[in-house]
Each structure stands twice: as C-alpha cells, then as structure tokens.
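In what follows, a structure is listed as structure tokens, so that the remarks can point back to it.
In this text, all values refer to a predicted model and were calculated from it rather than measured experimentally. Side chains included, hydrogens not; waters and symmetry mates left out as well; all remaining heavy atoms used. Order of the sequence lines fixes the chain letters, A, B, ..., with proteins taken first and strands second; residue numbering starts at 1 for each chain.
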Amino acid sequence: MNYINLKLPDDSIMQVKKGTTVQEVAYQISPRLAKDAVCGRYNGDLVDLQYPINADGTYSVVTIDSPEGIDVLRHTTAHVMAQAVLRLWPDAKLAIGPTIENGFYYDFDLGHSITPEDLETIEAEMHKIIADDLPVKRFEVSKDEAAQLFKERNDNYKLELIADLDNEVSIYQQGDFFDLCRGPHLSSTGRIKAFKLLSVAGAYWRGDDSKPMLQRIYGTAFFKKSDLDAYLKRMEEAKKRDHRKVGRELELFVLLEEGPGFPFLLPKGMELRNTLIDFWREEHKKAGYLEISTPIILHQNLWHRSGHWDHYKENMYFTKIDGEDYAIKPMNCPGGMLVYKNKMHSYRDLPLRLGELGLVHRHELSGVLHGLMRVRNFTQDDAHIFMLPEQIKDEITDLIAFIDKFYSVFGFKYHMELSTRPENSMGSDEDWEVATNALKAALEENGYEYILNEGDGAFYGPKIDFHLEDCLGRTWQCGTIQLDFQMPERFDLTYVGQDGEKHRPVMIHRVVFGSIERFIGIIIEHFAGAFPTWLAPVQVRVIPIAQGHHEYATVVADQLSGKGIRLEIDQRNEKLGYKIREAQMQKIPYMLIVGDQEKENNSVAVRSREEGDLGTVSLDEFTDNIAEEINSKTL
RNA sequence: GCCCUUGUAGUUCAGUGAUAGAACAAUUGCCUCGUAAGCAAUGAACGUAGGUUUGAUUCCUACCAAGGGCUCCA
C-alpha cells in the first residue's frame, strides 16, 4: 500500500493512503471539518472534494465560512441557474457565469427577453434542481472533445472560450447539464441552501460594445439563510440612504428633464456646498495656496495645444463665437497653464500652488448618468502646483498628508492606488518612468501601502488616486494626485533658475474632494442625511409651543444667528409633536422647544436628533455648546 | 451609445378602451396645544408627438427622461 505525506496549515505532516480524496482527508482530520468543507486547497490550487490526492503536497480545507468557500457556492449556484434557464428555454446559449463581489451572474443569449417575473420561474426551477440533490462531477477532456460537446449544443460562445484555452479542458456536469468550467464546485446541488436572483440586465459579450448584447441575470447565494437575509437587509439600508432619495427629501438638489446630468442645487444643498468650500478655502490658505478662476469657454486652439483635442474630444462640448470655434472646458489645467505663463517666475517662487474651484463639463454617455455621482457638469476642487524637479517628492508627501486631513474630518477611511502609463498617452517613456518613480518613492519612503494599477493613468501622466470607504463599506474615488511633464512642455512653461537661465518646471494636478457635487452625494449616503452639526444646512430649529411663544422664539433665533448658527423657526399653527416629527425627519441636529417656562428663565429645552429630549439649559449655555461643536467639526 | 424595466398630483402608490382614486405634503378654517402625525374643507396629475379606434391615460410606434446593467474571463 502506498502512502503519501500531506503538510497541513499548522505545519504538521499527515500520512494518508495514496488516492484518498480531499473529502476523506478532511474527515480524518475531523468529522466536523469534513461537514463544513466546500473544497480543498492542494499545493495552492483549489480542488473538488472528490479530488483524489496521489502525491505529497500541502493540503488545507476550504470551509463554508471562508471567502473562497462562498465563491465556490456562488459558482455552483450560477451553474444551477444556467441549468434552470436551459430547461425553460432550451434554445438559450450560455456565455460566461462568474462570481462577483457579492454574488454571481450568468450571461445568456436567447430569443425570449427575460423579465423580472421570469426570475421567479427560474428560481422555482432552481429549487427543483437543488431538491434533486444532483451530484456535481468533473471531467477532463481534450479541447477537441470539449468543442464537439458544445458544438452539439450550438453554443458559439463556449466554442470561442475553448479556442482560447490550453490543451486540457475541464467540464462539470450535474444531471442533464454540463458546462465548461475550471471549478471547483460543490459536491452536489443540494448543498445550496440560500440564494436569490436579483436582477436582469443587458451586457455585451466580453464587455465590448461591438459584440452582441446578452442578457445577464444577477443573483447571490449564502450558506445560511440568515446571511442571505442580512445581505438583502443591507441592500435595503443602502437604498434608504440613496443620495437621490435623501437629496429630494431634504431638499438638497434636483435633477430635471431639462438638464439630464446637470444638477440643480437647492438652497439647502447650497448651504452644504458653501460649508464644504469655506472649509476647503481655509485649509488651502493655511497650506500656502493661491486661488484663481479661469473661464469656462476658451478658444479651440488652446485645446489643440493642451492635447485635449486629440485625447478627450469625444467628451467635450463645443460652441462658436463670432465665427470662431470655442470649447467648454472639461478640465481646468489649460486655463491654469495660461495663468502661470502670464508672468515670469523665479525658482524662489516655487512651488507655486494655484487652486481653482472650476466648473467643468464633460459629455458622459446618457446611460451612465447617476444622481450626483456621475454627471455632465461638476465643480472640481482643483489645484495646479508648479515646482522644481527636486521638490516633487516632498510636495507629494505633503499632499498626501493634506488630503488625509480632509478625509479624517468626515470619518472616512481610505486607500491609495498608483496608476501607470495607459495606451494612447502622450510623452516619452523616459518622462513616464521619472514621473512614475517619483510617485512611487513618495509612497514607499513614507511607508504608505498602495495598490498598483498598471495602465490606468491619465493620458498626460501617472497618478495616485484616493479611494475612500463609506460607512457601508463601499469605496469611492475622490482625491487624485497626477504628475504631469507634458503640459509644461506643450505650454513652454519656464522659471528662471539660480543660474539665470530658463528651466522647465514640473507640474502636479490634484483634487481633494474630486467633484464637490459627487462628494456631497457621498456624504449624503455616508451620514444618511444626518450631517454632523458643522455641515448641516439647518443646525437648529426653534419650535415655539404655541402662538404666544413666537416672540421669545425670535429672541432665541436672533441670539443664535448672531453667532452664525443656521436656523429656522417653525411658526406654523401645529401641535408640538407634529413639529418635532417634521424636524426629526429633516434630520436637523437640534430642536429648541420654547414655551412659558423657557421664556421665564431665558432658557431653551434642547432636543437632539439622536438622543431626544436633553432637558433645559440656559440660552447662553446652549449657544456656547453648539458654537464649540461646530468649531471643532465634531462628528 | 446599447439592452431590459418604468413614466398618473410636490412625494409615494392605486386604477381604467368611455366619469382617474388614496395617503403624505400644500392652502384655508377650527383647536392654543410640553417632546415623532389633532379635526375638517379646498386646490392639484395620466412624460412628448403621432397612429389604431365611434372613443386612448390605457393598445401600437417614435422620441424624451428615470431606474438597473454593460471591468471583474470557462
């Protein structure tokens, strides 16, 4: 009898008979482990439970509570869904069916348009397949054999996939269904306990808009019903704080048919925006920035010169003035270049930091517009920093700390990504290398962790992007630092060095919020509309109990607004409970209830949005407290 | 831009081949009120343009807009 040695995760060696399956090994370690086993990891590769181990190697069990385990479950669920779809519509052709972050999808090509109602029918069919507890089997075949199989099913998508593969191809089969798949899979369909089909959507074959449009069904699956329910509940939560819904309810902004992708900010949204901008200006002044403003419409020659005509034309809007061609700016940089060129600069002036809250317009495809998150015009909190080459690293180091300061105020966590040279870009390889290395050095020498995105840079230079994470764990790209050797070259920017000669400065483009509008959308969802007091468009609502208290309410209001506090008085002829409910729904941080007692003692009864009735304090005390809260930007 | 779904009052949602209904909001009146909805009355809508039909908000077509999706490779 042959024995083999398996190295387990705790570095111990286990001896088993040659040919023992992954499942059996797990059972020998512990029956409990075998019960929770989804598949195994043998010599680093994921393998099915039925996989027989024939040689020494490392071994570990993948269980239902690991990310890989859930992935396998979802993958098998995708196969079951494909099987159900084929039973219902035998002429369907299968494209791809991978797992994604929170579930899976499968793309189909079929004549019938799948409707949301069909999802229930498909689910019912899937439940039958699960109830039958069909064993899932793996076969390894040659490419030609595989091609033969899918030719019979007339499935040109799979044939295309097979053509791209190496010699050995694996097929998974359950009942009458088989699919091309790398695996691994659950051992049988009965192990699927909790799944749900979520939506149908169109998707191009291989994401290419010149290829046929397929029908994609999204779904998700979990090992426990309670996990599925928790996931669905989290989705509901996210829906409740959707910035489009909250923005309407709190009267922050609107999007109208008259301006698709062009948001209107309402008075309260404008308060929010102005508060953000005040904060931005204050910090930028402290950090040595000067502020400029450049025109929205500029002559087309400028855009030829900047390279936008060649690289960004598709996203730009154009207009004619006095017979000349003009363009509406999609970016602020060319205007910034002209400001720099307006006078001579000495090396002593550098780094020169020019900030601009610039309104840019970009033509985005109609199908991608989304609330404030994806729009056709937005305000960038831009800045262009001109400096000596030897100042790059320090400047970037300072910038990272600067951006960090902003995000901390909102309680956002974030991570950074470094993007390198894309196709269709400008400049020499050497410039790109120098620029990329400077960014890398600033990150690495300061001990920052980052993700590398090859080929994802801007057309004029590499960049560091900041992805912040909101309270639901979703990430949003906001800040970015982009190094640019091209623009100074194209605009022939110079400074006079110590030697009295002209030299070429290096430039950084950077934003902190990214788009002010989008940042507003993000914080709406992050705070679910319940903004910290310093940001809240209305910080206090004074609520007189009855009409006899209106006069004192005005006294209270005058004192507070004298300190710059934003407030409203609710003088409607309604009951106290009614007014409180409404203020509560408007998520106003503080309600000040004033009646006879308060009037007598020059006090206010404070009710907080979060904690309810806080009791009575003197008007002066409340004024001091809230001023301090606003000043410190307490979360 | 492309695919699917959806457009009814300020908002959320009913509904019908012939008279379009509710709740909340708004306005007005009554109640003068102590911590999440007092009572009543009133005004207010079928996205746009064609077509089918005796008759269309409803069925059909086009357009406009909104929602989901179009990177995550068997």
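- Atom name C1', nucleotides C13(B) and U6(B): the rounded distance is 14 Å, in whole Å.
- For U57(B) and A45(B), the C1' atoms lie 10 Å apart once the distance is rounded to whole Å.
- Taking the nucleotide of RNA chain B with the nearest heavy atom to each of Ala201(A) and Ile100(A), the more 5' of the two is matched to Ala201(A).
- Comparing A25(B) with G10(B), their C1' atoms sit 7 Å apart, to the nearest whole Å.
- For the pair Arg74(A) and Phe104(A), the cation-pi test (distance below 6.0 Å, angle within 45°) is failed.
- Pairing for U71(B) is absent, with no Watson-Crick or G-U wobble pair whose two atom distances lie under 3.5 Å.
- The separation of U12(B) from C70(B), taken at their C1' atoms, amounts to 30 Å, rounded to a whole angstrom.
- One P atom belongs to G21(B), the other to U16(B), and the distance between them is 14 Å to the nearest Å.
- Checking the phosphate oxygens (OP1, OP2) of C73(B), no side-chain nitrogen or oxygen of Tyr157(A) falls inside 4.0 Å.
- With respect to Lys158(A) and Asp155(A), no salt bridge is recorded, no charged nitrogen being found less than 4.0 Å from a carboxylate O.
- Between the C1' atoms of A22(B) and C64(B), the separation comes to 29 Å (whole Å).
- For the pair Arg248(A) and Phe253(A), the cation-pi test (distance below 6.0 Å, angle within 45°) is failed.
- We find that Asp242(A) and Arg244(A) are joined by a salt bridge, their nearest charged nitrogen and carboxylate oxygen being less than 4.0 Å apart.
- In terms of position along RNA chain B, the nucleotide closest to Asp613(A) lies nearer the 5' end than the nucleotide closest to the other residue of the pair Asp613(A) and Asp242(A).
- For Gln215(A) and G69(B), a side-chain-to-base donor-acceptor distance below 3.5 Å is absent, hydrogens and geometry of angles not being considered.
- Nucleotides A37(B) and A26(B), compared at atom C1', are 16 Å apart to the nearest Å.
- In this structure, U52(B) makes no Watson-Crick or G-U wobble pair, since no nucleotide meets both defining distances under 3.5 angstrom.
- Taking atom C1' on both A14(B) and C46(B), the two are 13 Å apart, rounded to the nearest angstrom.
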